[in-house]
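For reference, the structure is listed below as structure tokens.
Below, each value reflects all heavy atoms present in this structure, side chains not excepted, and no hydrogens, waters or symmetry copies. Note that the numbering runs from 1 along the sequence shown for the chain.
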Amino acid sequence: MDASEAEASAQSDRKEDSAPSGQGADGPKPKKASLKRTRDTKAKKTKKARVSRPAPLGYTVHQGEDMLLVISSSTSQYDGSAWMPKKKGGKKKKKAAKGKLKAKQVKKKKTVRAKPKLENKPVTKEEEDVDLFVAQAEGDQRWSQSLPEEVLISIFQMVVIQEGAVPFLCRVGRVCRLWNAAASSPVLWRKVTVGHCWIAPGRTQLPKTERKIKDTVSWLAAHRFSQLRDFSLCHWTKNVDFALETVSQFCPHLRSLKLSYCTGVTAKAFQSLGLHSRSLHSLNLQYSEFQVEGLLDYLDDHGGQIRQMLFTHGMKNDRLLTAITRGCCPDLELLEVNTKLDSKDCELPVCIQALQISCPKLKTFRMLNVRPLHKTMRNAADLTAGFPLLEELCIATTSYSYMTDKDLLDILFGSSRLRVLDLRGCSRITPSGLALLPCLELECLFWGQYFSSHIGLSPKKGLHMVTQKWSQTLQQLDIANQLFPEDDLELAMSYLAQATEADTLRSLNLSGTRITPQALRSVVGQMTALDYLNLSSCRYLPRGVKRIYRGQEDIRQLLDKLE
């Protein structure tokens, strides 16, 4: 009886559960409507989540042993893989009461399920890439260890020529033992320039910094400068004496010394140079402040070994030129005197005849932005031979020059080997004065007028005499802003064009002149080696032609425009 009663109760329960689906009574219908609403709301929420889901990335990142691998997922081998999200349309989820929470859980489950599928396919490729990378690193290490030291020195030498020895060699010497051994080669330390490496110019040096500077200079001189030839200091306001004394003691082969924008050079430095640097033959002291008396004492004792002297014009420094004209440097080959750009006093008294007697071996004489005032000797020195070995004369200035044809002839009357003549700013020089010079193989003539307030006051004629004399040898000609007439320019260009056998002209500056298209056509059409032509501010040329031309192809296009 108990079992039959249990079965009867179970059947009655099943009938009650199945009754609402077929009956139309009021009680069960609201439950069915509520189910439909929850399903609809859940479907809508799922669609919103799909719309807001970001697009899949086109790559994935894997972290290997020594690097990050970026693997693209845009290729066909990833189609249908776990990286592409599967579209599940038509399947409805149950239990809509916690829709948001379940949507988050479903997303988490998707990422978790994607991991093993990803590892099955691209992991082998990733391992291969990592193995290849490690093998390449080992190969690089073997290459650096087996590279011959001579080859590495040759590579460093090419960099040193372009960038300088310091600080390049100091940095590469810290890479490894091989690079340190190559960077320590004395061949690479023959030319060294040291700037303000430790402290900016104008800043005060602390005692610790000053001690570090001295220790570094001492170590470099003792361990690197055994074959030093050329040494330069730039923007040093302190410890210049210490540096020069140290370098002179450890560098017996020192030939050239340059001090640029340095201060505080005393007689101790020059005394040390005189005691130890017996091979020194070049002194460049431009834009530097030094004790003139100490340098004069050095020149009196060791001036016979000096071949090149460069200094800046000043009230105290002009005594150097006086000492040179007295004969303290009889073997001088290069003399250059310049002035600061902001200096107002540019006049330099000089006795050319005394200089010709004291420096008969002079090859280069430059006075940059300096107006020389010629002084004559009391005893007429007509027996002097001038500068028989002079190859370059530069008297360029940005202001007014007192140089006349007579003054120029007094300097160059015996200079038959002259190759370079720079007269920029010398507005008093005339073509007839240039035609009287004894040099017959002049290669460079710079005669342009720049930044001069006297341009246009005295028109000149006779340019054809200059081009006719040196048409076979001229390589560079600069007559910028020279107001020669149009017919004179046309005749001068024709003489240049007739020298077709030589064809040596490389550079021609006609900026600001009255050159005409006809005169320009003759010289451009014949001079095939011409690779620089300046036609800016030429009023008689068409507007599209007035510019600077570089290269033979560019100049040939100009010839087409002129025709």
Under 3.5 Å donor-acceptor, Thr473 side chain and Leu442 backbone: yes

Over all atoms of both residues, closest heavy-atom pair of Ile429 and Asp405: CA-OD1, 3.4 Å

Short side-chain to backbone donor-acceptor contact, Asp488 and Lys461, under 3.5 Å: no

Polar side chain donor-acceptor pair, Gln286 to Glu336, under 3.5 angstrom: yes

Any donor-acceptor N/O pair, Ser185 side chain to Leu188 backbone, under 3.5 Å: no

Lys191 atom NZ, neighbour heavy-atom count above 12 within 6.0 Å: no

pair Val194-Trp236: side-chain heavy atoms closer than 4.5 Å: yes

Heavy-atom closest contact (Thr263 atom, Thr237 atom, distance): OG1-CA, 3.3 Å

Side-chain heavy-atom pair Leu541, Pro517 within 4.5 angstrom cut-off: yes

Test item: Thr504 side-chain N/O and Leu474 main-chain N/O as donor-acceptor pair under 3.5 Å: yes

Within-4.5 Å side-chain heavy-atom neighbours: Arg326 and Ser358: no

Check: Phe156 ring centroid to Phe168 ring centroid under 6.0 Å: yes

Backbone N/O of Val370 and side chain of Thr339: donor-acceptor pair under 3.5 Å: no

Side-chain H-bond candidate by donor/acceptor type, Ser511 with Ser537, under 3.5 Å: no

Between Tyr450 and Asp478, a side-chain donor and acceptor under 3.5 Å: yes

Chi angles and distances behind the side-chain contact (heavy atoms from CB on, under 4.5 Å) call for Ile411, Phe387: CA-CA 7 Å; Ile411 299 175; Phe387 297 113; 4.2 Å; yes

side-chain contact (heavy atoms from CB on, under 4.5 Å) between Leu533 and Ile548, intermediate numbers included: CA-CA 6 Å; Leu533 180 62; Ile548 300 177; over 6 Å; no

Quiz item: cation-pi between Arg424 and Phe446, 6.0 Å / 45°: yes

CD/Gln518: more than 12 non-hydrogen atoms of other groups inside 6.0 Å: no

Point-to-point distance, once rounded to the nearest 0.5 Å, from SG of Cys439 to CG of Leu445: 9.5 Å

For the student: nearest non-hydrogen atoms of Gln305 and Arg278, plus distance: OE1-O, 3.3 Å

Where Cys170 and Arg174 come nearest, the two heavy atoms and their spacing: O-CG, 3.5 Å

Short side-chain to backbone donor-acceptor contact, Trp189 and Ala183, under 3.5 Å: yes

Short side-chain donor-acceptor distance under 3.5 Å, Ser248 and Ser272: yes

Side-chain donor-acceptor contact under 3.5 Å, Gln308 with Ser282: yes

Close side-chain approach of Arg307 and Asp331, heavy atoms under 4.5 Å: yes

Reported OG-to-CD distance for the pair Ser494 and Gln468, which is rounded to 0.5 angstrom: 9.0 Å

Leu421 and Leu437, any side-chain heavy atoms less than 4.5 Å apart: yes

Any Leu520 side-chain heavy atom under 4.5 Å of Leu510 side chain: yes

Separation of Leu489 CG from His464 NE2 (nearest 0.5 Å): 11.5 Å

Donor-acceptor contact present, side-chain Lys469 to main-chain Ala435, <3.5 Å: yes

Nearest-0.5 Å distance that lies between atom CZ in Arg255 and atom CG in Leu257: 13.0 Å

Distance, nearest 0.5 Å, that separates CG of Leu393 from CZ of Phe365: 7.0 Å

Given Arg417, Arg419, Arg366, the one that forms side chain to side chain donor-acceptor pair (under 3.5 Å) with Glu392: Arg366

Val247 and Leu254, any side-chain heavy atoms less than 4.5 Å apart: yes

Exceeds 12 heavy-atom contacts within 6.0 angstrom, atom CD of Glu486: yes

Pair Arg506 + Asp531, salt bridge at N-O below 4.0 Å: no

Where Leu423 and Trp447 come nearest, the two heavy atoms and their spacing: O-CD1, 3.9 Å

Which residues share a side chain to side chain donor-acceptor pair (under 3.5 Å) with Thr397, sequence neighbours left out: Asn369, Ser399

Polar side chain donor-acceptor pair, Asn338 to Tyr287, under 3.5 angstrom: yes

Heavy-atom closest contact (Thr404 atom, Asp407 atom, distance): OG1-OD2, 3.1 Å

Check: Asp422 side chain, Ile395 main-chain N or O, donor-acceptor pair, under 3.5 Å: no

Heavy-atom side-chain proximity of Leu152 to Trp179 below 4.5 angstrom: yes

Rounded distance [0.5 Å steps], CG in Leu389 versus CG in Leu418: 12.0 Å

Donor-acceptor contact below 3.5 Å, side chain Ser536 vs main chain Lys546: no

